[in-house]
Amino acid sequence: WSDDQRTEFENYRKEVGDTILYIQSFVPDCMNVLIQEYMACQARTTSWQKIEATLFMFRSVAETVYDETTNEGSNTGQIISTVIESLPSLPAHPKISRTALLLCGAYSEWLRNHPERLFPAVKVLLSNVNDVALAPSAVMAFRDLCIECTDILAPELGLLMEPFFTVYRNPKIKNREKIRLCWSLCTLCSQVPSEDLAKYLAAILSPSCSRIKELSVKQTPLKEDHNSTKHITRKSKDLFIQSILKSSHQKRRLKVIVKEFSLECRGYNNQAIR
């Protein structure tokens with residue numbers, strides 16, 4: 001697919017998701033239809049597209065799902081529990097896995113009220129953070145859980161850090177995902193006891209600090225840095241200022257002076273460009 005085709009398809013999916021969300025808002029029984037379809041997919045061999053589409057619809061209606069104590073008689077809680085519980089047994093297909101991971105993040109508010117389902121969901125997420133294809137979705141969903149369920153996850157911070165170190169040592173995982181995962185763990189640090197805070201922060205930030213130290217002690221200077229030290233002297237700066245003052249009313253000349261000084265700062269010889 002071309003980039004335009006992907007964008008068009010994503011926009012179409014968003015419109016479909018919004019439509020299902022509006023239907024669920026006015027017809028709560030829509031959730032029962034979805035779970036029936038989902039269970040039917042589980043009971044028989046079916047295409048990955050149908051399973052992924054059903055999960056996508058569950059993810060789309062997450063905004064309408066409230067704690068069942070505010071909606072007496074609703075079986076929504078049981079439905080979501082069934083879906084979350086089934087995630088580890090889904091077929092191993094990247095499209096299914098990606099949607100399943102994002103579904104966990106979409107239901108972060110509901111999971112806060114159901115910690116018995118929260119930790120199985122976290123386990124699913126962290127088991128995929130080291131997968132290059134699934135890391136972006138897993139990390140984004142984990143971030144949502146850390147924001148919404150900070151006080152519940154914070155006591156388990158020590159156990160959650162090992163996957164972080166595994167991801168950080170994986171050169172195939174993009175720095176963007178590593179930074180987001182680090183940010184999520186630091187969010188949990190806001191709820192740990194003050195006497196343990198330094199220990200956790202040191203462990204989380206030490207890989208980055210080690211990398212900075214490694215780069216700082218390298219002996220090979222950048223060419224630009226070397227040339228800047230060589231060419232930019234006090235005399236050069238004084239000449240530049242004097243030239244600016246003398247040509248303050250000549251816009252074209254000012255542009256030439258500024259350009260020449262800029263090139264000199266970057267290590268070029270002015271004579272070579274005239």
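Excluded from the calculations below are hydrogen atoms, water molecules and symmetry mates; all remaining heavy atoms, backbone and side chain alike, are included.
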Side chain to side chain donor-acceptor pair (under 3.5 Å) assessment of Q191 paired with T150: CA-CA 7 Å; Q191 295 294 322; T150 307; over 6 Å; no
Where does the angle between the aromatic ring planes of W110 and H114 fall among parallel (under 30°), tilted (30 to 60°) and perpendicular (over 60°)? parallel
Which heavy-atom pair separates A106 from A62 by the least distance, and what is that distance? O-CB, 3.6 Å
According to the interplanar angle, ranging from 0 to 90°, do the rings of H93 and W48 count as parallel (below 30°), tilted (30 to 60°) or perpendicular (above 60°)? parallel
Not counting sequence neighbours, which residues clear side chain to side chain contact (heavy atoms under 4.5 Å, CB included) with Q49? List them please. S47
Grab the two heavy atoms, one from I173 and one from V132, that are nearest each other, plus how far apart they are. CD1-CA, 3.8 Å
Quick one: list whatever passes side chain to side chain contact (heavy atoms under 4.5 Å, CB included) with P171, sequence neighbours left out. none
For a quick test of your reading: what N or O donor-acceptor pairs under 3.5 Å do the side chains of residues 22-35 make, sequence neighbours left out?
residue	atom	partner	partner atom	Å
Q24	OE1	M31	N	3.2
S25	OG	L21	O	2.8
D29	OD1	N32	ND2	2.5
N32	OD1	N75	ND2	3.0

Look at K50 together with E37 and state whether they make a salt bridge at an N to O cut-off of under 4.0 Å. yes
Are any of the side-chain nitrogens in E10 or R13 under 4.0 Å away from the carboxylate oxygens of its partner? no
For N128 and V124, indicate whether the former's side chain and the latter's backbone hold a donor-acceptor pair under 3.5 Å. yes
Residues pairing under salt bridge (Lys or Arg N to Asp or Glu O under 4.0 Å) where one sits in residues 159-171, two or more places apart or in two chains, turn out to be E162-R169
Listed by chain and number, what are the salt bridge (charged side-chain N to carboxylate O under 4.0 Å, His left out) partners of D151, not counting sequence neighbours? R112
List the atom of L197, the atom of C189, and the distance in Å for their closest heavy-atom pair. CD1-O, 3.4 Å
Return the set of residues passing side chain to side chain contact (heavy atoms under 4.5 Å, CB included) with W183 (not counting sequence neighbours), or none when no residue passes. R143, I147, T187
Distance (rounded to the nearest 0.5 Å) between D144 CG and C104 SG: 10.5 Å
